[in-house]
Amino acid sequence: MTEIIPFAIACDRLTISIRSEDGKNASILRAWGNNAEFFKNRQFSLKDKNLAALTYAKNLCLSRNYSKEYKEIKYFDDEPRDDEEFNSFLAVPVGVDECKGLILVESLKRNAFGDSCKELLSRIATSAGLAIEKIMIFEKARELATHDGLTGLYNHRQFQQILKDEITRALRYNDPLTLIICDIDYFKKVNDTWGHQFGDTVLKGVASHLNESIRQGVDTASRYGGEEFALVLVKTDLEGAIETAERIRSQIHQITFKAPSGEDVHVSMSLGIAVYRQHARHIDELIKKADKALYRAKENGRNRVEVF
């Protein structure tokens with residue numbers, strides 16, 4: 001699109017944005033022309049008063065000259081000063097049933113975009129909208145197949161594949177690899193006392209903290225099942241795993257959840273550790289031994305870390 005549109009329609013700048021999944025923001029993924037670098041990869045709010053947000057809300061093609069009497073904001077309050085030299089624009093929504101994205105072309109000339117430009121850009125936007133929606137559906141289906149719907153962590157099936165792949169990699173490079181299986185203590189009591197909806201809130205909060213407590217793009221956090229989670233720590237020996245597990249255990253216990261009744265609720269976690277090669281040489285054996293270490297942590301009073 002960034003190659004075709006400037007060639008087909010005379011313009012001095014092109015920006016293409018896509019709306020976020022929650023519908024509150026949009027991000028400019030492509031920019032071409034004057035001051036393109038300023039706009040590229042920036043996010044803007046769809047609740048602010050600007051031309052882009054208006055087009056998203058109305059889901060209609062918008063074309064006219066910029067006002068000479070006051071500054072019109074396209075995306076951001078801090079847009080470059082020489083943007084005032086632009087005189088006209090054409091904004092076309094991208095999407096089939098609703099506005100998923102926006103194509104905005106601008107010109108230094110007044111009355112630059114006639115009916116033929118509008119028709120051509122609308123055709124491009126329609127084709128792009130169909131393609132983008134298909135991609136979004138595919139990405140959503142792929143995410144549902146690999147991620148847990150409640151917590152957003154990898155699901156049990158994907159955990160098994162990740163652990164298998166990491167074991168293969170650890171063997172090849174002779175690197176250490178650690179598995180931690182952890183469990184929220186007395187979680188049934190949480191559900192019984194404050195309800196399953198609050199229980200889901202606790203699960204999501206704990207899952208979020210687990211994901212933030214590991215190295216992004218290196219280690220992985222998964223929902224193992226129910227209130228159990230699994231952490232695969234790459235290139236991590238027993239000492240490093242114990243340090244990570246103790247840090248997580250301590251921080252989880254400090255999180256405050258607000259119950260429906262308004263009272264503060266704290267939960268704790270028990271964690272079991274097993275190190276590949278040191279404790280097991282096969283995937284099933286590694287999982288079994290991490291699970292046994294978790295069981296021992298629960299037997300010994302919970303809110304603790306145990307090594308197989």
Side-chain angles (χ1 to χ4, degrees), residues 148-156 158-160 162-163 176-215 219-234 236-276 278-280 283-308:
D148 174 59
L150 176 66
T151 64
L153 300 182
Y154 288 113
N155 58 26
H156 186 273
Q158 191 66 13
F159 154 71
Q160 293 276 351
I162 290 170
L163 184 57
L177 177 70
T178 298
L179 171 64
I180 299 176
I181 295 182
C182 46
D183 181 282
I184 301 175
D185 298 326
Y186 302 111
F187 185 70
K188 184 179 183 301
K189 184 179 179 181
V190 172
N191 279 332
D192 292 344
T193 305
W194 293 286
H196 289 275
Q197 189 172 356
F198 177 70
D200 287 348
T201 299
V202 172
L203 282 172
K204 288 189 284 187
V206 169
S208 177
H209 184 80
L210 289 174
N211 197 45
E212 292 170 359
S213 299
I214 58 177
R215 296 168 295 177
D219 305 323
T220 54
S222 307
R223 187 178 182 188
Y224 191 70
E227 65 269 27
E228 285 190 333
F229 301 88
L231 305 176
V232 178
L233 307 184
V234 177
T236 304
D237 58 14
L238 180 57
E239 183 181 354
I242 292 173
E243 181 182 337
T244 299
E246 284 290 357
R247 172 169 49 83
I248 289 172
R249 183 200 61 77
S250 175
Q251 291 173 347
I252 290 292
H253 195 48
Q254 295 174 32
I255 298 174
T256 301
F257 296 96
K258 279 288 183 183
S261 56
E263 60 189 296
D264 292 343
V265 176
H266 295 271
V267 297
S268 63
M269 290 197 84
S270 299
L271 302 94
I273 298 173
V275 181
Y276 182 65
Q278 183 174 338
H279 299 128
I283 182 170
D284 292 340
E285 186 184 9
L286 184 66
I287 294 172
K288 185 177 180 180
K289 291 191 172 179
D291 201 44
K292 281 188 175 181
L294 169 62
Y295 184 74
R296 188 184 304 136
K298 287 189 168 296
E299 278 190 324
N300 291 336
R302 293 179 169 81
N303 191 24
R304 60 185 292 116
V305 176
E306 289 283 353
V307 180
F308 178 79

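Using a 4.5 Å heavy-atom threshold, the side chains of T220 and F159 count as separate. Put simply, the side chain of I287 reaches to within 4.5 Å of the side chain of L163, judged on heavy atoms. Looking at I184 and L203, their side chains come closer than 4.5 Å, going by heavy atoms from C-beta outward. Residues V206 and F257 meet the side-chain proximity criterion, which asks for heavy atoms closer than 4.5 Å. Using a 4.5 Å cut-off on side-chain heavy atoms (C-beta onward), Q160 and I283 make contact. In this structure, V267 and F187 have side chains that are not in contact, with every pair of non-hydrogen atoms separated by 4.5 Å or more. Taking 4.5 Å as the limit, some side-chain heavy atom of L231 sits within range of a side-chain heavy atom of I248.
Remark: Q197 CD is loosely packed, at most 12 non-hydrogen atoms of other residues, nucleotides or ligands lying under 6.0 Å away. Atom NE2 of H156 has more than 12 neighbouring heavy atoms from other residues, nucleotides or ligands inside a 6.0 Å radius.
The side chain to side chain contact (heavy atoms under 4.5 Å, CB included) with I273 is formed by just one residue from the set T236, L238, L179; it is L238. The only member of K298, R302, K188, R223 that meets salt bridge (Lys or Arg N to Asp or Glu O under 4.0 Å) when paired with D183 is K298.
Annotation for Q251 and S213: closest pair OE1-OG, 3.9 Å, computed over non-hydrogen atoms. Heavy-atom minimum distance, E306 versus A293: CB-O, 3.3 Å. Across A241 and I180, no two heavy atoms sit closer than the pair O-CD1, 4.0 Å. The two residues T178 and V275 have their closest heavy-atom pair at OG1-CG2, 3.7 Å. Contact detail for Q158 and N155: the closest heavy-atom pair is N-OD1, 2.8 Å. Shortest non-hydrogen contact noted between L210 and C182 is CD1-SG, 4.4 Å.
Sorted by first then second residue, the ring pair (Phe, Tyr, Trp, His ring centres under 6.0 Å) pairs that include residues 191-211, not counting sequence neighbours, are W194-F198.
Summarising the geometry, atom CZ belonging to F308 is positioned 12.5 Å from atom CD1 belonging to I181; distances are rounded to the nearest 0.5 Å. Taken from CG in L271 to CZ in F229, the straight-line distance is 11.0 Å, to the nearest 0.5 Å. Atoms CG and OH, from N300 and Y295 in turn, are 10.5 Å apart once rounded to the nearest 0.5 Å. Taking NZ of K292 as the reference point, atom CD of E285 lies at 9.5 Å (rounded to 0.5 Å). We find the NE2-NZ distance between H279 and K288 to be 15.5 Å, quoted to the nearest 0.5 Å. A distance of 13.0 Å separates NE2 in H253 from CE in M269, rounded to the nearest 0.5 Å.
Of the charged side-chain nitrogens involved, none lies within less than 4.0 Å of a carboxylate oxygen, so that E243 and R247 do not count as a salt-bridged pair.
Residues meeting the salt bridge (charged side-chain N to carboxylate O under 4.0 Å, His left out) test with E246, sequence neighbours left out: R249.
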Subject >> E228 vs L294, side chain to side chain contact (heavy atoms under 4.5 Å, CB included): CA-CA, chis, key distance, verdict >> reply: CA-CA 10 Å; E228 285 190 333; L294 169 62; 3.5 Å; yes
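Side-chain atoms of S270 and D185 form a donor-acceptor pair, as typed in the model, at a separation below 3.5 Å. Looking only at atom types and distance, the side chain of D264 has no donor-acceptor partner in the side chain of T256 under 3.5 Å away.
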